There are 2 protein chains.
Amino acid sequence: MFISYFGPLTSFSVNLAHTVSLQMAATIKDIAKRLNISVSTVSYALNNGPRPVPEEIREKVLAVARELNYRPNRIARSLVTRRSHTIGVVPTEASINLAVTPYFQGLLNGILNTAEILEHDVLIYTRYDAERANEFVNTLLDGRADGLILLAPRIDSQAMEQLAGQIPFVVTSDERRNAAHFGCDNSGGVRQAIDYLVQIGHRKIGHIAGDLRISDGQDRLVAFRSALAYHLLPAVESWILEGSFLCEGGYTAGMKLLKQPERPTAVFCANDDSALGLVRAAWECGVRVPQDLSIIGFDNSPISSAVAPAITTIGQPLDQIGAAAMSAVVQYVETQQRPESQTFHTELLIRASTAPI
Amino acid sequence: MFISYFGPLTSFSVNLAHTVSLQMAATIKDIAKRLNISVSTVSYALNNGPRPVPEEIREKVLAVARELNYRPNRIARSLVTRRSHTIGVVPTEASINLAVTPYFQGLLNGILNTAEILEHDVLIYTRYDAERANEFVNTLLDGRADGLILLAPRIDSQAMEQLAGQIPFVVTSDERRNAAHFGCDNSGGVRQAIDYLVQIGHRKIGHIAGDLRISDGQDRLVAFRSALAYHLLPAVESWILEGSFLCEGGYTAGMKLLKQPERPTAVFCANDDSALGLVRAAWECGVRVPQDLSIIGFDNSPISSAVAPAITTIGQPLDQIGAAAMSAVVQYVETQQRPESQTFHTELLIRASTAPI
DNA sequence: ATGAAAGCGCTAACAT
DNA sequence: ATGTTAGCGCTTTCAT
């Protein structure tokens with residue numbers, strides 16, 4: 001169907017079935033011309049201030065705007081005001097399949113919920129390339145976002161030094177940075193896990209770590225060792241394996257772990273996806289969960305409570321963390337005051353993947 | 001251990017140590033001044049064209065840019081070029097907790113993967129307000145995005161008529177629109193489900209529909225009726241209930257369904273989350289799945305294969321659909337040619353929630 | 001080859 | 001009260 005358009009200015013319709021002609025959009029200049037008033041009056045009328053405009057004129061402006069199908073160009077406005085009402089979200093790295101990880105999903109959910117309340121939109125950056133880090137930083141500073149949320153940046157990332165002083169930003173998880181950070185109490189959470197395992201009789205405890213280039217991976221590993229030490233338990237190095245925070249990593253590490261002559265009776269996994277992978281490895285090795293092996297995860301991802309056996313886990317409130325990070329960065333943009341960091345409590349959720357020995 | 005928690009960010013300590021002064025960013029003008037050349041030369045040097053610049057000068061420009069910590073302002077560039085290299089993603093409505101729905105997650109994953117390859121970023125719009133639809137359309141047209149992907153728009157949404165001819169866009173799921181659409185073959189998928197149920201002996205089949213304001217909800221309901229008719233089976237109206245595509249909706253509808261004196265032996269749910277809700281309702285009513293009730297879902301969400309019993313479902317390749325939509329809209333932006341719609345095949349995945357009667 | 005200048009659409013300071 | 005105009009930082013045409 002051909003929709004004819006009687007808009008302002010040049011409308012060029014080369015209408016070959018599916019060839020779409022984008023119309024020249026009306027601007028405040030067009031409105032001003034039409035009413036024989038100045039652009040500033042139009043601007044003030046449209047924005048309802050800060051300069052007062054007689055109601056009569058204002059109404060006329062609105063009417064003509066409507067008639068001309070006027071749409072304010074926020075790009076032009078941003079160039080002047082230096083505000084885009086957009087917050088950028090920067091994933092760890094442009095990991096493929098980012099959006100299927102529970103960590104990202106949980107944070108993004110909180111971020112979006114809060115963005116809506118705060119009347120902001122959310123720009124998700126892709127294209128991270130460690131070899132062209134400077135270009136990536138350029139992208140982050142190109143004016144599209146007023147502030148940034150860096151999701152669990154890699155420990156070796158230099159981006160933040162370059163970002164410092166250039167744009168308000170906060171980070172999730174990583175508390176090593178000289179920036180406001182939002183995450184859970186990793187060491188407290190890991191202690192909850194190990195305390196529980198010890199309490200139900202486990203003495204031989206292994207760990208499938210996360211990606212150790214990310215602070216959560218490091219922190220949980222360090223906390224794991226501390227927790228064992230606290231209970232005067234030895235850390236058996238062959239029972240401590242690096243995973244990837246992904247199911248595959250948990251599976252691969254799990255196969256290595258379970259093929260050893262002597263096995264732990266319980267394994268703390270750096271997150272639930274790793275735990276899922278370990279469950280699969282256990283299944284393939286004929287190791288029963290939880291009778292032969294207790295498994296505990298981290299995150300309380302939706303799937304952790306759905307699987308059979310349901311995974312005992314350390315819950316962290318990802319959506320609250322995302323929401324807090326979003327509120328904070330918007331505050332930061334508006335006040336230019338760096339917000340306080342926030343650390344959230346974890347909770348032990350005992351389910352079916354762990355049992356007394 | 002002491003866990004610090006600083007509550008919601010209502011108040012700010014004015015901590016001078018944390019007061020950040022954003023530096024005035026360098027512009028091409030600064031570079032030009034410094035080298036006593038014109039801004040156009042700087043621009044051409046930086047962009048490596050289209051006008052040739054002697055290598056010697058180019059290097060000087062790059063050196064000064066580096067020295068001044070120059071960051072190109074894409075907002076300014078966009079104002080001229082009318083390209084932001086950003087694609088907007090428009091959720092059905094600014095549903096709270098959007099990011100936890102498998103449909104959104106699956107599509108977004110494909111969208112982000114493809115955005116990275118195509119060197120675009122993704123802007124997620126929030127703030128949909130049906131009562132201020134015009135303002136919302138303004139936002140979509142404010143210049144930040146070159147093109148839009150509308151995720152399963154509500155049937156009654158007027159936004160697309162307003163968007164037509166103003167910006168390249170594609171939609172997911174909804175094939176009623178005068179726009180390129182990307183989705184799965186709903187009627188084929190539903191037929192697979194019903195054919196299978198009939199094949200294993202079911203004759204009394206109910207349906208928990210999705211949100212009927214969304215095309216997938218409508219289409220699957222219509223397809224359900226057709227499929228029953230094809231098999232000369234009656235559609236029992238009290239066994240057809242509206243859900244919401246959410247677990248809660250499936251649960252609520254399920255409770256209503258299961259409390260009826262006569263029950264179906266099998267239920268086709270509009271998506272997996274609904275099916276999950278129905279499973280819970282069945283559990284609470286003492287109805288065994290699949291012995292007393294067969295349940296089949298739609299989507300093949302990650303959780304559908306993880307739960308016990310694993311949900312038999314009709315799989316649709318959400319990430320492929322998202323990827324296709326992303327490719328298409330970028331192509332649309334670049335060529336101004338409306339891309340072709342694509343409909344993806346579904347697949348029947350037989351799992352543990354269905355059994356022969 | 002390279003500089004000057006005209007915008008892109010808007011806001012807001014400056015004039016009247 | 002309202003109009004004029006100078007930018008915001010950039011691209012690109014037009015002049016030289």
Side-chain angles (χ1 to χ4, degrees), chain A residues 7-10 22-58 60-61 64-65 68-85 138-139 141-144 146 166-167, chain B residues 22-58 60-61 64-65 68-85 138-139 141-144 146 166-167:
Chain A
L9 308 179
T10 41
L22 298 188
Q23 306 141 18
M24 190 61 74
T27 71
I28 56 169
K29 220 169 159 181
D30 299 319
I31 300 176
K33 228 176 266 168
R34 181 77 157 255
L35 286 170
N36 253 313
I37 59 178
S38 74
V39 291
S40 49
T41 301
V42 174
S43 173
Y44 293 125
L46 253 18
N47 295 338
N48 216 352
R51 179 158 109 183
V53 172
E55 193 51 30
E56 187 197 10
I57 297 192
R58 202 177 109 77
K60 272 188 197 158
V61 169
V64 173
L68 298 185
N69 198 24
Y70 168 76
R71 309 285 182 182
N73 182 327
R74 204 201 294 242
I75 292 288
R77 172 193 263 245
S78 287
L79 191 56
V80 179
T81 63
R82 278 136 197 294
R83 281 281 184 287
S84 59
H85 282 266
N138 279 351
T139 300
L141 293 173
D142 69 11
R144 285 180 298 174
D146 293 336
Q166 309 282 93
I167 189 171
Chain B
L22 298 187
Q23 303 154 17
M24 189 60 76
T27 70
I28 55 170
K29 221 169 157 181
D30 298 320
I31 300 177
K33 228 175 266 171
R34 181 77 157 254
L35 287 170
N36 254 313
I37 59 180
S38 74
V39 291
S40 48
T41 301
V42 174
S43 173
Y44 292 124
L46 252 19
N47 294 339
N48 215 353
R51 177 158 110 184
V53 173
E55 192 52 28
E56 188 197 11
I57 296 192
R58 203 177 108 77
K60 271 189 196 160
V61 169
V64 173
L68 297 184
N69 199 24
Y70 168 77
R71 310 285 183 180
N73 183 325
R74 204 201 295 241
I75 293 288
R77 171 192 264 244
S78 287
L79 190 57
V80 179
T81 63
R82 278 133 197 294
R83 279 281 184 290
S84 59
H85 283 266
N138 279 351
T139 300
L141 293 173
D142 69 12
R144 286 180 297 173
D146 294 336
Q166 309 282 91
I167 189 171

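This structure is a prediction, so every number in the text was calculated from the model and none was measured. Heavy atoms only: backbone and side chains are in, while hydrogens, waters and symmetry mates are out. The sequence lines fix the lettering, A, B, ..., with proteins before strands; numbering per chain opens at 1.
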- request: Could you please spell out the steps behind the side-chain contact (heavy atoms from CB on, under 4.5 Å) verdict for B:I31 and B:Y70?
  value: CA-CA 8 Å; B:I31 300 177; B:Y70 168 77; 3.8 Å; yes

side-chain hydrogen bond (donor to acceptor under 3.5 Å, both in side chains) partners of A:S84, counting only residues at least two apart: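 Only A:D146 meet the side-chain hydrogen bond (donor to acceptor under 3.5 Å, both in side chains) criterion with A:S84.
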
query: At their closest point, which heavy atom of B:V39 faces which heavy atom of B:K29, and how far apart are they?
result: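 Heavy-atom minimum between the residues: CG1-CA, 3.9 Å.
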
message: Under the rule for salt bridge (Lys or Arg N to Asp or Glu O under 4.0 Å), what residues qualify as partners of A:E56, not counting sequence neighbours?
response: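 Listed in chain order: nothing, the list is empty.
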
Per-nucleotide protein contact string for nucleotides 9-16 of chain C (B base, S sugar-phosphate only, - none; heavy atom under 4.0 Å): BBBBBB--

Donor-acceptor pairs under 3.5 angstrom involving side-chain atoms of residues 44-54 of chain B: please list them, not counting sequence neighbours.
{"from": "B:N47", "atom 1": "OD1", "to": "B:R77", "atom 2": "NH2", "distance (Å)": "3.2"}
{"from": "B:N47", "atom 1": "ND2", "to": "B:S43", "atom 2": "O", "distance (Å)": "3.4"}

field: Angle by which the axis turns from one end of the helix from C:dA1-D:dT16 to C:dT16-D:dA1 to the other, five pairs per end, to 10 degrees
entry: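 Here the local axes at opposite ends form an angle of 60°.
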
- prompt: When rounded to the nearest 0.5 angstrom, what distance separates OG1 in A:T139 from CZ in B:R74?
  reply: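 A:T139 OG1 to B:R74 CZ: 5.5 Å, rounded to 0.5 Å.
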
query: Can any side-chain N or O of B:T41 pair as donor or acceptor with the backbone N or O of B:I37 at less than 3.5 Å?
result: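 Judged by distance alone, no pair lies under 3.5 Å.
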
query: Less than 4.5 Å apart, any side-chain heavy atom of A:R144 and any of B:R144?
result: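 No, too far: nothing below the 4.5 Å cut-off.
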
Residue pair B:N138 / B:D142, side-chain heavy-atom distance below 4.5 Å: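 B:N138 vs B:D142: side chains apart.
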
query: Hey, where on DNA chain D does chain A first and last touch, going 5' to 3'? Cut-off is any atom under 4.0 Å from a heavy atom.
result: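 Both ends considered, the range comes out as D:dT2 to D:dG9.
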
query: Rounded to the Å, how far apart are B:I57 CD1 and C:dG3 C1'?
result: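 So the CD1-C1' distance, B:I57 to C:dG3, works out to 12 Å.
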
message: Please tell me whether A:N69 and A:R71 have a donor and an acceptor in their side chains that are separated by less than 3.5 angstrom.
response: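 Present: a donor and an acceptor within the cut-off.
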
